[in-house]
Amino acid sequence: MAYWLLKTEPSEFSIDDLEALGSKTEPWDGIRNYQARNIMRDKIKVGDKALIYHSSCKDVGAVGTAEVVENAYPDPAQFNPKSKYYDPKSNRDNPRWVCVGVKFLSKFDNIVALKQIKSTPALAEMVLVKQGRLSVQPVTAKEWKVINQMAKG
DNA sequence: GCCAACGTTGGC
DNA sequence: GCCAACGTTGGC
């Protein structure tokens, strides 16, 4: 069982939207970055857990957790010309992009802000701190524990 | 809205 | 295969 961090823009899809789905599966689609794609395709497995992270918004940080309930499969949005995630260079015989399915686990009592993460020595090695622009990234068991502890306030 | 970091594209 | 131009991400 492994841990991950999934970024989302709350104006597009927030932890509240995920919570509202209850135990329903949400396809984590629209990832259009090869590094992130490879992690989803090769590493993320059913039963893994993920921090949900709000980016590009007022309160940037980790806001809750989700569980992986579906392994990687072709992201349907890449084939839909109406979708903003449409990719004309992809095709069904050889799909370029994948997504995984997740479901809501928890919403944090307190958001663990990026600022706090950056000022916590135990979290200094997080990919989030070292490489800001990756939207799907690994989290160690230690980092997972520390952040969940901080979330309780 | 600005801009730094960095990934992708395309000419050669 | 190099690298400049360009586009996107994402914090501030």
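Reminder, nothing fancy here: chain letters follow the sequence lines and each chain counts from 1. What you see is a predicted model, and the numbers here were worked out from it, not measured in a lab.
Electrostatic pairing of A/D48 and A/K43 does not count as a salt bridge here, judged by no charged N lying under 4.0 Å from a carboxylate O. In summary, A/R32 and A/D75 engage in a salt bridge, as defined by a charged side-chain N under 4.0 Å from a carboxylate O. For A/K84 and A/E12, the salt-bridge test passes: some basic side-chain N is under 4.0 Å from an acidic carboxylate O. Of the charged side-chain nitrogens involved, at least one lies within less than 4.0 Å of a carboxylate oxygen, so that A/E125 and A/K130 count as a salt-bridged pair.
Atom-to-atom, CG of A/L134 to C1' of B/dC6 comes out at 11 Å; the value is rounded to the nearest Å. The separation between A/Q35 atom CD and B/dG7 atom C1' is 9 Å, rounded to whole Å. In this structure, A/I117 atom CD1 and C/dC12 atom P are separated by 11 Å, rounded to whole Å. Atoms CD (A/Q137) and P (B/dC6) sit 13 Å apart, rounded to a whole Å. If you take CD1 of A/I111 and C1' of C/dG11, they are 13 Å apart, rounded to a whole angstrom. If you take CD of A/E12 and P of C/dT9, they are 11 Å apart, rounded to a whole angstrom. With rounding to whole Å, A/M126 atom CE is found 14 Å from C/dG10 atom P. Atom CD1 in A/I31 sits about 16 Å away from atom P in C/dT8, given to the nearest Å.
A close approach under 4.0 Å does occur between a side-chain nitrogen or oxygen of A/K118 and OP1 or OP2 of C/dC12. Taking side-chain N and O atoms only, A/Y53 has a distance below 4.0 Å to OP1 or OP2 of C/dG11. Between A/K7 and the phosphate of C/dG10, there is a side-chain N or O to OP1/OP2 separation shorter than 4.0 Å. For the OP1/OP2 pair of B/dG7 and a distance below 4.0 Å, the side-chain nitrogens and oxygens of A/Q131 include at least one atom meeting the criterion. Not one side-chain nitrogen or oxygen of A/K58 sits closer than 4.0 Å to the OP1 or OP2 atom of C/dC12.
A/Q137 and A/Q35 form no side-chain donor-acceptor contact under 3.5 Å, judged by distance and modelled atom types alone.
If you check distances only, the side chain of A/R32 never reaches the base of C/dT8 with a donor-acceptor pair under 3.5 Å.
Where A/R133 and A/C57 meet DNA chain C, the nucleotide closest to each residue was compared, and A/R133 sits on the side nearer the 5' end.
At the heavy-atom level, A/E9 lies nowhere under 4.0 Å from the strands shown. Looking at heavy-atom distances under 4.0 Å, A/K89 makes contact with sugar-phosphate atoms alone, never a base. Among the atoms of the strands shown, base atoms are found under 4.0 Å from some heavy atom of A/S56.
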